[in-house]
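The structure under discussion appears below in the form of C-alpha cells.
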Amino acid sequence: MTAEAQAAPVQSYGRLIPVVVHFDDLDALGLLHNARYPVMVERAWTVLWHEQGFGFEGDWEAAGDFCNAVKELRITYEAPVSKPGAYAVHLWLERLGNTGLTYGFRFCSADGAVTYAHGTRVLVRLDAATLRPTSWSERFRALGRELMRSAD
C-alpha cells in the first residue's frame, strides 16, 4: 500500500504567511504555548502589512494606519502543535468598517491543510494625537478589500 501526498488546499481568500515555531515556543508539556499563537498571528500580520509599505518605526503620527489598538481577541484551539518547525498563518478580513476591522486567522500547517487554531481579532484605528478612533486611509482600505473573505 502506498501513501499519496494530499494536495495543499487552495486559499480562495486572504493570504498564507509562513511562520516558524521554535523549541523555546513550547511549554513544559512540549506543546506550543497557548499565548504564543496570538504572537505568531501578530507577526504574520506585520509581515503582510510591511510588504504593503505599512509599519511602525517609533513615530505614531508617521505610522498612520498602523496606529491601532486591539478591541477584542477570540481564539479556539483545535489541535496541539507538538514540535518546532515550519507552519503558516492564514489571514483575511471579515469586516472592514470606517474606523475598525475584524480579521480572521488560522494557525495551520505550512501548506494550510491542517488547522491547529483559529479566531478573530477586532482592531480600531486611532488618531495618534488624541487616541480616539479615526478613519482608515483609502490606501489601507483598498488593500484591505483584497483580503476580504466573501460571504459564503
Got more than 12 heavy atoms from elsewhere within 6.0 Å of CZ, R74? no
Y77 vs Y37, test: ring pair (Phe, Tyr, Trp, His ring centres under 6.0 Å). Steps then yes/no. CA-CA 9 Å; Y77 303 94; Y37 289 83; 5.0 Å; yes
Can I get a per-line list of side-chain donor-acceptor pairs under 3.5 Å for residues 83-91, giving both atom names and the distance, sequence neighbours left out?
residue	atom	partner	partner atom	Å
Y87	OH	K83	O	2.7
H90	ND1	Q11	OE1	3.1
H90	ND1	R106	NE	3.2
H90	NE2	Q11	OE1	3.4
H90	NE2	Y13	O	2.9

Short question: side chain of N98, backbone of S135 - any donor-acceptor pair under 3.5 Å? no
Polar side-chain atom of W136 near backbone of G100 as donor-acceptor pair, under 3.5 Å: yes
Between E78 and Y116, does a side-chain contact (heavy atoms from CB on, under 4.5 Å) hold up when you go through it step by step? CA-CA 5 Å; E78 297 293 339; Y116 297 99; 5.9 Å; no
Might you work through the side-chain contact (heavy atoms from CB on, under 4.5 Å) test for L16 and C108, ending with a clear yes or no? CA-CA 9 Å; L16 199 61; C108 52; 3.7 Å; yes
Donor-acceptor contact below 3.5 Å, side chain D59 vs main chain F56: no
May I ask you to test the L126-T99 pair for a side-chain heavy-atom distance under 4.5 Å? no
Are L131 and V70 co-members of a hydrophobic cluster defined by side-chain heavy atoms under 4.5 Å apart? no
F54/F66 aromatic ring centres below 6.0 Å: no
Side-chain donor-acceptor contacts of residues 39-49 below 3.5 Å, not counting sequence neighbours, with atom names and distances?
residue	atom	partner	partner atom	Å
E42	OE1	R121	NH1	3.0
E42	OE1	R121	NH2	2.4
T46	OG1	E42	O	3.0

Could you walk me through whether Y103 and L147 satisfy the side-chain contact (heavy atoms from CB on, under 4.5 Å) test, starting with their C-alpha distance in whole Å, then the side-chain angles of each, then the deciding distance to 0.1 Å, before giving a yes or no? CA-CA 9 Å; Y103 72 69; L147 296 169; over 6 Å; no
Please list every donor-acceptor pair under 3.5 Å in which a side-chain atom of residues 29-36 meets a protein atom from a residue at least two apart or in another chain.
residue	atom	partner	partner atom	Å
H33	ND1	A35	N	3.0
R36	NE	D25	OD1	2.9
R36	NH2	D25	OD1	2.9

Could you tell me whether E51 and R15 have a side-chain N and a carboxylate O separated by less than 4.0 Å? yes
R132 CZ: over 12 foreign heavy atoms closer than 6.0 Å: no
S109 (side chain) donor-acceptor with V114 (main chain) under 3.5 angstrom: yes
Test of understanding: clusters of I, L, V, M, F, W, Y form through side-chain heavy atoms closer than 4.5 Å, transitively. Do M148 and I17 belong to the same one? yes
